[in-house]
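Structure first, then comments.
Along the sequence shown, the residues carry numbers beginning at 1.
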Amino acid sequence: GSPGETAETAPEGNAPAGVIAKNSSYSSPIAISDDDSLVVVTNTLNGTISLINVAGDANTKLTEVQVGDEPRSVVITPNKAFAYVTNQVSGTVSVVDLASQAKVADIPVGAEPYGIALTPDGARAYVANSASNTVSIIDTTTNSVVGTINIPGVQPRGVAITNNNG
């Protein structure tokens, strides 16, 4: 990262200041919100994600949202406002507004994005691009790629970020 990157705050947008995830973030085809009320599942074969209400053991499918081709991993922002989904064939990360249950953006990243993880404050998403041997860094306030890490020859598929800052 660049100097001063950790000092940034985001009072508006997808990563409000002061909202910190209680759990670590890691690549998975299933994501559970920090308050344990929402599950998001990738449906690789039909290019969608399913939103499932699990609050109070409701276990009810809310909807399916079309994302990109072959969604692989999903994360939910700490404030439960957005889900970020890697689309392996499309080469994108889809952003889904969880309140409106609609896709609001597709962010172009490296070739064959697979894994994704969020920083504890939700300000950055790190995306493992297996075919381009890179990790894309997404600013979740602007939904744009702000950096790329080259990882020659390893075909990264997973990524994890711990929450052990204090």
Side-chain angles (χ1 to χ4, degrees), residues 1 5-44 47-68 71-88 92-107 109 113-129 135-147 149 156-166:
E5 183 173 283
T6 57
E8 292 178 346
T9 59
E12 297 177 8
N14 301 351
V19 178
I20 303 294
K22 69 178 181 180
N23 299 310
S24 58
S25 180
Y26 55 89
S27 305
S28 177
I30 300 171
I32 302 170
S33 63
D34 264 358
D35 65 1
D36 298 327
S37 68
L38 179 69
V39 171
V40 180
V41 180
T42 61
N43 304 309
T44 302
T48 65
I49 57 170
S50 293
L51 307 182
I52 303 167
N53 174 11
V54 294
D57 291 328
N59 301 328
T60 305
K61 181 177 169 182
L62 300 171
T63 191
E64 279 188 25
V65 178
Q66 194 71 42
V67 287
R72 290 295 181 175
S73 294
V74 59
V75 291
I76 299 171
T77 57
N79 64 0
K80 203 170 80 173
F82 297 92
Y84 284 78
V85 184
T86 60
N87 303 301
Q88 185 177 14
T92 60
V93 171
S94 293
V95 183
V96 175
D97 182 317
L98 294 174
S100 68
Q101 301 178 349
K103 181 173 71 169
V104 294
D106 280 318
I107 306 165
V109 291
Y114 205 94
I116 187 168
L118 290 168
T119 55
D121 63 1
R124 296 278 191 266
Y126 288 78
V127 180
N129 304 302
V135 173
S136 297
I137 305 166
I138 295 172
D139 179 325
T140 60
T141 301
T142 61
N143 286 332
S144 61
V145 174
V146 295
I149 302 166
R157 286 189 169 80
V159 60
I161 298 173
T162 63
N163 186 9
N164 60 355
N165 299 5

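Considering all non-hydrogen atoms of both residues, V65 and Q101 come closest at CG2-O, 3.4 Å. Closest approach of I116 to S73, counting heavy atoms only: CG2-CB, 3.9 Å. For N43 against S50, the heavy-atom pair with the smallest separation is ND2-OG, 2.9 Å. D106 and S94 make their closest contact through OD1-OG, 2.6 Å (heavy atoms, listed as atom of the first residue, atom of the second, distance). Taking both residues in full, the closest heavy atoms of Y114 and R157 are given as CD2-O, 3.4 Å, listed atom of the first, atom of the second, then distance. Across all non-hydrogen atoms, the minimal contact from V75 to A117 is CG1-CA, 4.0 Å.
Between N87 and V85, the closest side-chain pair of non-hydrogen atoms falls below 4.5 Å. Residues T140 and Y84 are in side-chain contact: their nearest non-hydrogen atoms beyond the backbone lie under 4.5 Å apart. Annotation: side chain of R124 is not in contact with side chain of I138 (no heavy-atom distance under 4.5 Å). Two residues are said to be in side-chain contact when any heavy atoms from C-beta on lie closer than 4.5 Å; F82 and N143 fail this criterion.
Side-chain atoms of T44 come within 3.5 Å of backbone N or O of P71 as a donor-acceptor pair. A side-chain donor-acceptor contact under 3.5 Å links T60 to the backbone of A58.
Interatomic distance, N53 CG to K61 NZ, rounded to the nearest 0.5 Å: 14.0 Å. Separation of atoms CD1 (I161) and CG (L118) is listed at 7.0 Å; rounding is to 0.5 Å. The CG atom of L98 lies 6.0 Å from the CG atom of L38; values are rounded to the nearest 0.5 Å. Annotation: the span from K103 atom NZ to T48 atom OG1 amounts to 11.5 Å, rounded to 0.5 Å. Interatomic distance, CZ of R72 versus OG1 of T42, reported as 8.0 Å (0.5 Å rounding). Between the CD1 atom of I107 and the OG1 atom of T86 there is a distance of 11.5 Å, given to the nearest 0.5 Å.
Shown here are the side chain to side chain contact (heavy atoms under 4.5 Å, CB included) partners of S136, two or more places apart in sequence or in another chain: V109, V127, N129, V145. Remark: V39 engages I30, I32, V41, I52, V54 in a side chain to side chain contact (heavy atoms under 4.5 Å, CB included) (not counting sequence neighbours). The side chain to side chain contact (heavy atoms under 4.5 Å, CB included) test applied to A102 returns S100, not counting sequence neighbours.
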